[in-house]
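We use all heavy atoms of the structure for the numbers below, so side chains are in, but hydrogens, waters and symmetry mates are not. Order of listing sets the numbers, starting from 1, for every ligand and every atom in it.
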Amino acid sequence: MDKPQLLYLSRSDVEKTGLDMATIIDLLEKAFLEKGNGRVEMPPKPGIHSRPDAFIHAMPAYIPAMRSAGVKWVSGYPGNQERGLPYISGLLILNDDETGIPYAVMDCTWITAYRTGAATALAARYLARPDSQVAGILACGVQGRTNLEALKVVFPLTRAYAYDIVPEVRQRFVAEMSERLEMEVIGVEEPRRAVIDSDLVVTSGPILKHPTPALLKDWLKAGGFGSAVDFDSYWHPAAMQQMDKVSTDDMAQFMYYRSVGYFQETPDPYADLGEIVAGLKPIRQDARERTLAINLGLALDDMAVAPEIYRRAQAKGLGVQLSL
Ligand SMILES: NC(=O)c1ccc[n+]([C@@H]2O[C@H](COP(=O)([O-])OP(=O)(O)OC[C@H]3O[C@@H](n4cnc5c(N)ncnc54)[C@H](O)[C@@H]3O)[C@@H](O)[C@H]2O)c1
């Protein structure tokens, strides 16, 4: 019998597969449809915590319809940036769903960045006004970039406002994203300016256990959609309570995070993204509703995307074959 082989893909191999955002959004939509219909296995993520505010999480999921089984082992260390190291790092393992044998190991930072943007766009596809033209991005890091890119795939965006507490970071974002997405991107000097004229607002700053939320009530206009990538760190409780609908991506994980101290003043979500995609819960009802998606980031997102990365890498001859 042949010795089992696994394919190792570095971050640059993963990027070279050229997987595009539109495909990632569609893959997530398929996965959330399966979740809504109760056809995925995804236990809550256990983690270890070797430094304050840092985590290393294990995120397993099995999506039978996509023949995707695996786990992401991902860390987030806030102190890393000062050392010139990435905040997020980690690996993802894919297992054969018939034999359990691992067949791929890949860097997971690219997938984490892109699938999170895609999850925002997917929620927005159901909860935002389809004619939304203006986006507001608060925090111009990795997530600020992929979230704007994903929204541009789904909506006829013509303009974005961008705010970051570090002015040079904001300026870099404006220069880079206006060119990359071929749209007007305007840097603003206070968070409010990024919100009040925007149809779609993404907050992607640090997740804090004891935040001082800066996005206030009445800033998001009627008919607006928000995506809190950074949990409840940016949105003031009164701003969240003003929403007509608050969704999450997984109710059990939302309740878990609440039990450990997050979301204390956040309204209960009316639905999770699986129920919304499967048509089990209503989507936006009229042009004046305010809606907010709080996607926590699921193993499901990663396992929806990873097999496609593997297929494309194989087709292009990328990566290194290793013996088990
Ligand atoms: N929900 C999910 O699925 C998910 C997935 C991945 C990352 N995240 C979270 O998203 C956040 C952003 O991650 P990233 O990879 O983009 O990090 P990043 O370090 O690339 O970017 C963070 C940016 O926030 C800016 N910032 C800090 N405080 C700010 C403030 N008060 N107002 C405006 N800008 C501020 C920083 O200057 C930086 O540019 C993190 O909190 C991360 O944990 C969530």
Peer 1: So which heavy atom in the protein is nearest atom 24 (O) of ligand 1, and how far is it from that ligand atom?
Peer 2: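 Going by distance alone, atom 24 (O) of ligand 1 is nearest to Ala139 CB, 3.4 Å.
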Peer 1: Identify which one of Lys281, Arg284, Lys245, Glu29 satisfies the side-chain hydrogen bond (donor to acceptor under 3.5 Å, both in side chains) criterion when paired with Tyr126.
Peer 2: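 When side-chain hydrogen bond (donor to acceptor under 3.5 Å, both in side chains) is applied between Tyr126 and each of Lys281, Arg284, Lys245, Glu29, only Glu29 qualifies.
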Peer 1: Below 4.0 angstrom from a heavy atom of Tyr163, which ligand 1 atoms are there? Numbered from 1 as shown, please.
Peer 2: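 Every atom of ligand 1 under 4.0 Å from some heavy atom of Tyr163: 32 (N), 33 (C).
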Peer 1: Over 60° means perpendicular and under 30° means parallel, so tell me whether Tyr257 and Phe263 are parallel, tilted or perpendicular.
Peer 2: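 Tyr257 and Phe263: perpendicular rings.
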Peer 1: Of the backbone atoms (N, CA, C, O) and the side-chain heavy atoms from C-beta on, which set of Arg115 has a member under 4.0 Å from an atom of ligand 1: side chain, backbone, both, or neither?
Peer 2: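 Side chain only.
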Peer 1: Would you mind finding which of Ile294, Val229, Val74 brings a heavy atom closest to atom 8 (N) of ligand 1?
Peer 2: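 Result: the heavy atom closest to atom 8 (N) of ligand 1 is in Val229.
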Peer 1: Give me the residue, atom name and distance of the protein heavy atom closest to atom 3 (O) of ligand 1.
Peer 2: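 Nearest neighbour among protein heavy atoms for atom 3 (O) of ligand 1, to 0.1 Å: Gly297 CA, 3.1 Å.
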Peer 1: Is the closest side-chain donor-acceptor distance between Asp272 and Thr248 under 3.5 Å?
Peer 2: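 Distance-only check fails for Asp272 and Thr248.
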Peer 1: Between the side chains of Thr23 and Asp20, is a donor N or O closer than 3.5 angstrom to an acceptor N or O?
Peer 2: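 Yes, because at least one side-chain N or O of Thr23 sits under 3.5 Å from a partner of the opposite role on Asp20.
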Peer 1: Quick one: does ligand 1 sit under 4.0 Å from the side chain of Asn295, the backbone, both or neither, non-hydrogen atoms only?
Peer 2: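 The part of Asn295 near ligand 1 is the backbone, not the side chain.
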Peer 1: Can you report which non-hydrogen protein atom sits closest to atom 17 (O) of ligand 1, along with the distance?
Peer 2: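 Ranking protein heavy atoms by distance from atom 17 (O) of ligand 1, first comes Tyr87 CD2, 4.4 Å.
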Peer 1: Among all protein heavy atoms, pick out the one at the shortest distance from atom 21 (O) of ligand 1; state its residue, atom name and that distance to 0.1 Å.
Peer 2: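 Going atom by atom, the protein heavy atom closest to atom 21 (O) of ligand 1 ends up being Gly141 CA, 3.3 Å.
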Peer 1: Please state which option from Ile165, Val166, Ile207 has its nearest heavy atom closest to atom 35 (C) of ligand 1.
Peer 2: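 It is Ile165 whose heavy atom sits nearest to atom 35 (C) of ligand 1.
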Peer 1: Given Gly117, Ser204, Gly205, Pro191, which has its nearest heavy atom closest to atom 40 (C) of ligand 1?
Peer 2: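 It is Gly205 that holds the nearest heavy atom.
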Peer 1: Indicate yes or no: does an N/O atom of Val142 lie under 3.5 Å from an N/O atom of ligand 1?
Peer 2: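 In this structure, Val142 places an N or O atom under 3.5 Å from an N or O of ligand 1.
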Peer 1: Exactly one of Asp268, Asp232, Thr266 should register a side-chain hydrogen bond (donor to acceptor under 3.5 Å, both in side chains) with Arg258. Which one does?
Peer 2: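 When side-chain hydrogen bond (donor to acceptor under 3.5 Å, both in side chains) is applied between Arg258 and each of Asp268, Asp232, Thr266, only Asp268 qualifies.
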Peer 1: Main chain of Glu98, side chain of Asp96: is a donor-acceptor contact present, judged purely on distance under 3.5 Å?
Peer 2: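 Checking the backbone N and O of Glu98 against the side chain of Asp96, a donor-acceptor pair under 3.5 Å is found.
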Peer 1: Does Asp164 pair with Arg170 as a salt bridge, N-O distance under 4.0 Å?
Peer 2: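 Not counted as a salt bridge, because no side-chain N and carboxylate O are separated by less than 4.0 Å.
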Peer 1: Ignoring hydrogens and geometry, is there a side-chain-to-backbone donor-acceptor pair from Asp13 to Lys16 under 3.5 Å?
Peer 2: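 Checking the backbone N and O of Lys16 against the side chain of Asp13, no donor-acceptor pair under 3.5 Å is found.
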Peer 1: Give me the residue, atom name and distance of the protein heavy atom closest to atom 16 (O) of ligand 1.
Peer 2: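 Of the protein heavy atoms, Gln143 N, 2.7 Å lies nearest.
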Peer 1: Of the protein's non-hydrogen atoms, which lies at the shortest distance from atom 19 (O) of ligand 1, and what is that distance?
Peer 2: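 Residue, atom and distance for the closest contact: Gln81 NE2, 2.7 Å.
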Peer 1: Kindly check if the number of other-residue, nucleotide or ligand heavy atoms within 6.0 Å of CD (Glu179) is above 12?
Peer 2: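 No - once you tally the heavy atoms of other residues, nucleotides and ligands closer than 6.0 Å, there are 12 at most.
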Peer 1: Of Leu298, Asp230, Thr116, Asp164, which has the heavy atom at the shortest distance from atom 36 (C) of ligand 1?
Peer 2: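 Looking at heavy atoms only, Asp164 sits closest to atom 36 (C) of ligand 1.
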Peer 1: Quick check on the 6.0 Å ring-centre criterion: do Tyr77 and Tyr87 meet it?
Peer 2: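 Ring-ring flag for Tyr77/Tyr87: false, centres at least 6.0 Å apart.
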Peer 1: Go through ligand 1 atom by atom and flag the ones less than 4.0 Å from a non-hydrogen atom of Val169.
Peer 2: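 What qualifies from ligand 1 is 39 (O).
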Peer 1: Report yes if the distance between the aromatic ring centroids of Tyr103 and Tyr310 is under 6.0 Å, otherwise no.
Peer 2: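 Under 6.0 Å, so yes.
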Peer 1: Which protein heavy atom lies closest to atom 32 (N) of ligand 1, and at what distance to 0.1 Å?
Peer 2: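 Looking only at protein heavy atoms, the one closest to atom 32 (N) of ligand 1 is Tyr234 OH, 2.7 Å.
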Peer 1: Quick one: look up the protein heavy atom nearest atom 27 (C) of ligand 1 and list residue, atom name and how far away it is.
Peer 2: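 Of every protein heavy atom, Pro206 CD, 3.4 Å lies nearest to atom 27 (C) of ligand 1.
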